[in-house]
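The first residue of the sequence shown is numbered 1, and numbering continues consecutively from there.
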Amino acid sequence: QPQTPQPNEFSFARLVYNGRVPMLVKNWYTDYPKGDKTAVEIIKRLTNIDVSPESRAIPVHHPDLFNYPFLYSSEGGQIVFDESDARRMQEYLDRGGFWMIDDFWGSVEWRNFEEEMKKIFPEKEIVDISTEHPIFHAVFDIEQIIQVPNVVYVYCTSCSTWEMDGYEPKVRGVFDKQGRLSIVIFFNTDTMDALEWADDPLYPHRFSLYAYKIFINTIVYAMTH
């Protein structure tokens, strides 16, 4: 069924995908819908973008997919695409869509993710993105990549900021033929969690502030490049 039209210039849309382990807490719906609602609020508060008041969750094969030039995905290591899913995503990205992927950790989840990306773009490489890239300076100047931990860290002072063997946060991406960044990947970090829990008085301000900057920069970059 078509989704209710929103006459705004931007909607925060989350990709609904088939997860590697059905019903696992780690899936497309991690931090949904609270994180997405918070994303809408910070876009309203910190930019002049005409943002839709409601976020959207959009399946890969939904007829309205191409109405959303920006897609967010959580748990990149859980994504499973069949051949038709991969063709659909390739078309979406080739037509100018932008995809932000977040919140997956360690070598095993990276291998899973990389296999799925090869289904979309077999010939393209995933590369590290330095803080000199315009995405780090679209609105806010971000000079350092920070590892944002799962919210459990707030209540466990002896816990680490990493999960599995994902010790070092990375920002990676895939570029199109014109040199435009079309997929940005936040790996070994949980950026959306910092939005979801930003209103918790115990949640560290340094993580939520960083997440606000990352999301605003990414969205503005996606809308202007």
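For Q90, the side chain to side chain contact (heavy atoms under 4.5 Å, CB included) partners at least two apart in sequence or on another chain are D94, I120, F121. In this view, K34 and D199 satisfy the salt bridge (charged side-chain N to carboxylate O under 4.0 Å, His left out) rule, not counting sequence neighbours. Evaluation of the ring-ring contact (aromatic ring centres under 6.0 Å, His included) rule for F12 yields F70, Y72 as partners, not counting sequence neighbours. Here E143 pairs with H137, D141 under the side chain to side chain contact (heavy atoms under 4.5 Å, CB included) rule; sequence neighbours left out. With sequence neighbours excluded, the residues that form a side chain to side chain contact (heavy atoms under 4.5 Å, CB included) with S107 are R111, D165. Evaluation of the side chain to side chain contact (heavy atoms under 4.5 Å, CB included) rule for V16 yields W28, A57, P59 as partners, not counting sequence neighbours. Among residues two or more places apart in sequence or in another chain, the salt bridge (charged side-chain N to carboxylate O under 4.0 Å, His left out) test is passed with R88 by none. Partners of E41 according to the salt bridge (charged side-chain N to carboxylate O under 4.0 Å, His left out) rule, which considers only residues two or more places apart in sequence or in another chain, are K44. For F186, the ring-ring contact (aromatic ring centres under 6.0 Å, His included) criterion is met by no residue, not counting sequence neighbours.
If you look at Y17 and F81, their ring centroids are not closer than 6.0 Å.
Cluster membership for V127 and V171, using ILVMFWY side-chain heavy atoms within less than 4.5 angstrom, is shared. Hydrophobic clustering, with ILVMFWY side chains joined whenever heavy atoms are under 4.5 angstrom apart, groups L202 together with Y210. In terms of hydrophobic clustering, with Ile, Leu, Val, Met, Phe, Trp and Tyr side chains grouped at heavy-atom distances under 4.5 Å, Y29 and I58 are assigned to a common cluster. Hydrophobic clustering places V139 together with I146 (ILVMFWY residues linked when any side-chain heavy atoms are closer than 4.5 Å, directly or through intermediates). Residues L209 and F215 do not share a hydrophobic cluster, clusters being chains of Ile/Leu/Val/Met/Phe/Trp/Tyr side chains in contact below 4.5 Å.
The aromatic rings of F187 and W110 are tilted relative to each other, their planes meeting at an angle between 30° and 60°.
Expressed to the nearest 0.5 Å, how far OG1 of T218 lies from NZ of K213 amounts to 13.5 Å. Note: M89 CE to H61 NE2 = 10.0 Å, rounded to the nearest 0.5 Å. Taking CG of D36 as the start and OG of S11 as the end, the distance is 12.0 Å to the nearest 0.5 Å. M192 contributes atom CE, which lies 12.5 Å from atom CD1 of I214 (distance to the nearest 0.5 angstrom).
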| said: Could you go through W99 and I185, starting from their C-alpha distance and side-chain angles, then the distance that decides it, and tell me whether this counts as side-chain contact (heavy atoms from CB on, under 4.5 Å)? | reply: CA-CA 8 Å; W99 190 14; I185 304 150; over 6 Å; no

| message | For a side-chain contact (heavy atoms from CB on, under 4.5 Å) check, start with the C-alpha distance between Y221 and F98, then their side-chain angles and the critical distance, and finish with the verdict. | response | CA-CA 9 Å; Y221 177 88; F98 187 94; 3.8 Å; yes

| request: Determine, step by step, whether R14 and S74 satisfy the side-chain contact (heavy atoms from CB on, under 4.5 Å) criterion, reporting the C-alpha distance in whole Å, the side-chain angles of both residues, the deciding distance to 0.1 Å, and the verdict. | output: CA-CA 8 Å; R14 176 186 288 248; S74 183; 3.6 Å; yes

| request: Any chance you could lay out the side-chain contact (heavy atoms from CB on, under 4.5 Å) test for Y92 and L71, step after step, and finish with the verdict? | output: CA-CA 10 Å; Y92 172 82; L71 291 176; 3.4 Å; yes

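With respect to R56 and E54, a salt bridge is recorded, a charged nitrogen being found less than 4.0 Å from a carboxylate O. Checked for salt-bridge contact, E91 and R87 miss the test: no charged N lies under 4.0 Å from a carboxylate O. A salt bridge links K119 with E116; the closest basic N to acidic carboxylate O contact falls under 4.0 Å. Look at E109 and R20 and you find no salt bridge, because none of the NZ, NE, NH1 or NH2 atoms lies under 4.0 Å from a carboxylate O.
Panel note: side chain D85, backbone D82; a donor-acceptor pair is recorded below 3.5 Å. Between the side chain of S208 and the backbone N or O of H205, at least one donor-acceptor pair lies under 3.5 Å.
The shortest heavy-atom contact between I49 and I219 is CD1-CG2, 4.1 Å. Annotation for G35 and L195: closest pair O-CD1, 4.1 Å, computed over non-hydrogen atoms. Closest of all the heavy-atom pairs between T47 and I43 is OG1-O, 2.7 Å. E9 and N48 make their closest contact through OE2-O, 4.2 Å (heavy atoms, listed as atom of the first residue, atom of the second, distance). Nearest heavy atoms, G76 versus I101: CA-CG2, 3.9 Å.
Residue pairs meeting the salt bridge (charged side-chain N to carboxylate O under 4.0 Å, His left out) criterion with at least one member in residues 71-81, sequence neighbours excluded, are K26-E75. Residue pairs meeting the side chain to side chain donor-acceptor pair (under 3.5 Å) criterion with at least one member in residues 173-195, sequence neighbours excluded: D102-T191. Judged as a side chain to side chain donor-acceptor pair (under 3.5 Å), the pairs with a partner in residues 124-133 (not counting sequence neighbours) are, in order, D128-R172.
Taking the side chain as every heavy atom from C-beta outward, F10 and D50 never approach each other to under 4.5 Å. The shortest distance between side-chain heavy atoms of F113 and Q78 does not fall below 4.5 Å. M117 places a side-chain heavy atom less than 4.5 Å from the side chain of I126.
Side-chain N/O atoms of N8 and S52 include a donor and acceptor closer than 3.5 Å.
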